[in-house]
Each structure stands twice: as C-alpha cells, then as structure tokens.
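Written below as structure tokens is the structure these notes are about.
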There are 2 protein chains.
Amino acid sequence: MKATNLAKVFKALSNEHRLELFQLIYSQCQLEESRAQKAGKGCCEGIEKAFTKACGCLDLSRSTISHHFKELQNAGLITCTRQGQTFMCQVNKESVEAVRSFLN
Amino acid sequence: MKATNLAKVFKALSNEHRLELFQLIYSQCQLEESRAQKAGKGCCEGIEKAFTKACGCLDLSRSTISHHFKELQNAGLITCTRQGQTFMCQVNKESVEAVRSFLN
DNA sequence: TTTAAAGTTCGATAACTATCGAACTTTATG
DNA sequence: CATAAAGTTCGATAGTTATCGAACTTTAAA
C-alpha cells in the first residue's frame with residue numbers, strides 16, 4: 001500500500017469517535033469470523049444493522065455517524081451493502097493487513 | 001493503551017508528510033537496531049542529526065518540519081534528545097507495539 | 001567576539017474537520 | 001395510500017491543521 005493511502009487509513013482512525021466505531025465493527029466481525037470457522041464456514045457475512053447498532057453505542061447524531069461511516073468506507077477500511085432498510089458491514093482485511101504490516 | 005491515546009497516535013500518522021518522516025526515522029532505527037544486535041549490543045542509540053536528515057529528504061520549510069517532529073513526539077511515537085547543535089532521535093517501541101497490537 | 005549552523009517560536013492564512021438539526025429519500029408495513 | 005423507520009444530504013458554525021517566512025535562541029567554530 002502506498003504512503004498516501006496508508007495516511008488515509010490513519011486519518012480515518014485519527015478521530016476518537018471514529019476509532020471507537022471501527023473497533024465496534026472490527027470486534028464484532030472477529031466474533032462472527034470465529035463463529036463461522038467453528039461452524040465450518042470459510043468466512044463471515046459481516047455484521048447486520050451496523051448503523052443502527054452504532055447509533056445505540058455512540059452519543060452522536062445520526063448525520064454525524066453517517067459521516068463517520070462514509071469516512072471509514074472512503075479509507076477502504078470497511079464495506080457496507082444495503083439490505084432493505086438497514087445495511088450489512090464488513091471489515092476490509094487487506095486494509096487492516098496493510099496497517100498491521102506497516103511496522104514490519 | 002487507551003482509545004484516546006491510540007487516536008492521537010493515528011492522528012500523528014495521518015499526515016502524509018509526517019508519515020513519511022516517521023517511516024524515515026523508523027527504518028533507520030530498524031537498521032541501527034540490527035546492526036547493534038550483530039555487534040552484540042542490546043539496543044541502538046537512536047539516529048543522529050534526525051532533523052538535519054529530514055530537512056534533506058522532505059520538501060518542506062524547517063519550521064514545518066520542526067512542527068511535525070513535535071507532533072510525533074507529542075503522540076509518543078518518538079523521543080528526541082539534544083546533542084550539541086543537532087539532536088538524537090529514537091522510536092518509542094511501546095507506542096509502535098500499541099499500534100501493532102491494536103488489530104490483534 | 002563575531003559569525004554561522006541548527007532549530008524554535010510567532011503570527012498569519014487557507015484549507016479541512018466534526019458536529020448539529022432540518023429536510024430529504026428510500027424501503028417496509030398497516 | 002399513509003405512516004414510520006432507517007439513513008442521507010445540506011448548510012452552517014466552530015474548531016483544528018498545515019504551511020510559510022521572519023525573527024529569535026542556542027551551540028559551536030573562526
């Protein structure tokens with residue numbers, strides 16, 4: 001990953017609330033993942049109603065939370081897909097790996 | 001490390017030029033470290049004339065570079081100590097470890 | 001002691017960011 | 001169709017950041 005993109009990723013994680021949001025998504029995805037592995041499935045589907053859940057956890061307006069989701073998506077850290085009224089959210093493993101491998 | 005401090009570390013790395021600066025320092029420290037290990041010394045002393053070197057690599061004014069050094073120090077990523085006219089710079093391993101372990 | 005080199009601090013400016021509430025769109029349901 | 005739920009977009013505002021050059025301090029050297 002180029003330095004420019006890596007800086008973008010760091011910028012996305014540089015806001016306290018956004019970092020909290022990401023950790024929220026990330027930890028749930030990790031949980032789902034290990035559950036999926038135990039069930040013999042290769043990979044988790046992502047977490048459901050991510051926005052709704054986030055609204056319950058963060059003390060911010062919906063518009064601000066929407067903004068933070070966009071920022072995480074623009075940085076390539078997560079991917080969101082609509083499912084009816086709510087949306088499904090997945091962590092982008094390559095980006096996470098890029099951050100991890102940044103420091104050897 | 002608390003989320004607040006972790007966010008500060010990410011903020012320090014969120015500027016493209018500052019990230020470049022950090023990578024510069026970090027990679028040199030890694031080099032010094034492996035050199036020190038081969039020589040049977042436990043740990044490297046850090047890199048000399050870090051500011052001067054940075055001025056040669058980054059196309060920014062000295063005042064801006066000074067500012068970026070301060071930001072990296074405030075985030076706890078590096079430590080600088082004066083040595084006569086120049087200064088010696090070290091990477092703070094705990095902070096780096098915190099970033100690394102952030103994503104398991 | 002004068003001069004130079006290495007950084008720092010200050011003040012200004014332009015650009016970006018976080019946040020909100022209000023108004024909107026889209027999807028589902030009675 | 002009317003209503004509600006789930007998000008999005010917009011415009012405003014207050015705060016933060018990156019950057020520079022000029023003036024400064026501190027350390028070393030002639």
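Predicted, not measured: the structure shown is a model, and the values here were computed from it.
Put simply, the side chain of B:Ser63 and the base of D:dG21 share a donor and an acceptor less than 3.5 Å apart. For D:dA5, the base has a donor-acceptor partner in the side chain of A:Gln85 [N/O atoms by modelled type, under 3.5 angstrom].
Residue A:Arg62 places no side-chain N or O under 4.0 Å from the OP1 or OP2 atom of C:dG21. Between A:Ser61 and C:dT19, a side-chain N or O to OP1/OP2 separation shorter than 4.0 Å is absent. Side-chain nitrogen and oxygen atoms of A:Lys11 include none within less than 4.0 Å of the OP1 or OP2 phosphate oxygen of D:dT17. Between B:Arg82 and C:dA6, a side-chain N or O to OP1/OP2 separation shorter than 4.0 Å is absent. Side-chain N/O atoms of A:Thr86 include none lying less than 4.0 angstrom from OP1 or OP2 on D:dA5.
Heavy atoms of A:Thr64 sit under 4.0 angstrom from at least one base atom. Within 4.0 Å of B:His67, counting heavy atoms only, lies at least one base atom of the nucleic acid. Nucleic acid contact class of B:Lys49 (heavy atoms, under 4.0 Å, all strands): none. Heavy atoms of B:Phe87 sit under 4.0 angstrom from primed sugar atoms or phosphate atoms, though from no base atom. No contact: B:Ile65 has no heavy atom under 4.0 Å from any strand.
Nucleotide D:dT17 holds its C1' atom 15 Å from the CD atom of B:Glu16, rounded to whole Å. As a whole-Å value, the separation of B:Glu48 CD from C:dA6 P is 14 Å. What separates CG of A:Leu58 from C1' of C:dC20 is a distance of 15 Å, to the nearest Å. The nearest whole Å value for the distance from the NE2 atom in B:His17 to the P atom in C:dC16 is 14 Å. Nucleotide D:dT19 holds its C1' atom 17 Å from the CZ atom of B:Phe69, rounded to whole Å. Rounded to an integer number of Å, the gap from B:Asp59 CG to D:dT19 C1' is 12 Å. In this structure, B:Lys8 atom NZ and D:dT17 atom P are separated by 11 Å, rounded to whole Å. Distance A:Asn74 CG to D:dT9 P: 11 Å, rounded to the nearest Å.
For A:Gln83 and B:Ala50, each mapped to the nucleotide of DNA chain C holding its nearest heavy atom, the one lying further toward the 5' end belongs to B:Ala50. Mapping A:Glu71 and B:Lys70 onto DNA chain C by nearest heavy atom places B:Lys70 at the nucleotide closer to the 5' end.
A chain of hydrophobic side-chain contacts below 4.5 Å, direct or via other Ile, Leu, Val, Met, Phe, Trp or Tyr residues, connects A:Leu6 to B:Leu58.
Ring orientation note: the planes of A:Phe10 and A:Phe102 are nearly perpendicular, at an angle over 60° on the 30°/60° scale.
Distances from the side chain of B:Arg18 to the nucleotides C:dT9, D:dA18, C:dT19 place D:dA18 closest.
When each of B:Lys38, B:Lys41, B:Gln28, B:Lys93 is paired with B:Glu33, the side-chain hydrogen bond (donor to acceptor under 3.5 Å, both in side chains) condition holds for B:Lys93 and for no other.
Although no hydrogens or angles enter the test, the distance criterion places a donor-acceptor pair under 3.5 Å between the side chain of B:Gln90 and the main chain of B:Cys44. A donor-acceptor contact shorter than 3.5 Å is absent between the side chain of A:Asn92 and the backbone of A:Ile78. Between the side chain of A:Arg18 and the backbone N or O of A:Lys11, at least one donor-acceptor pair lies under 3.5 Å.
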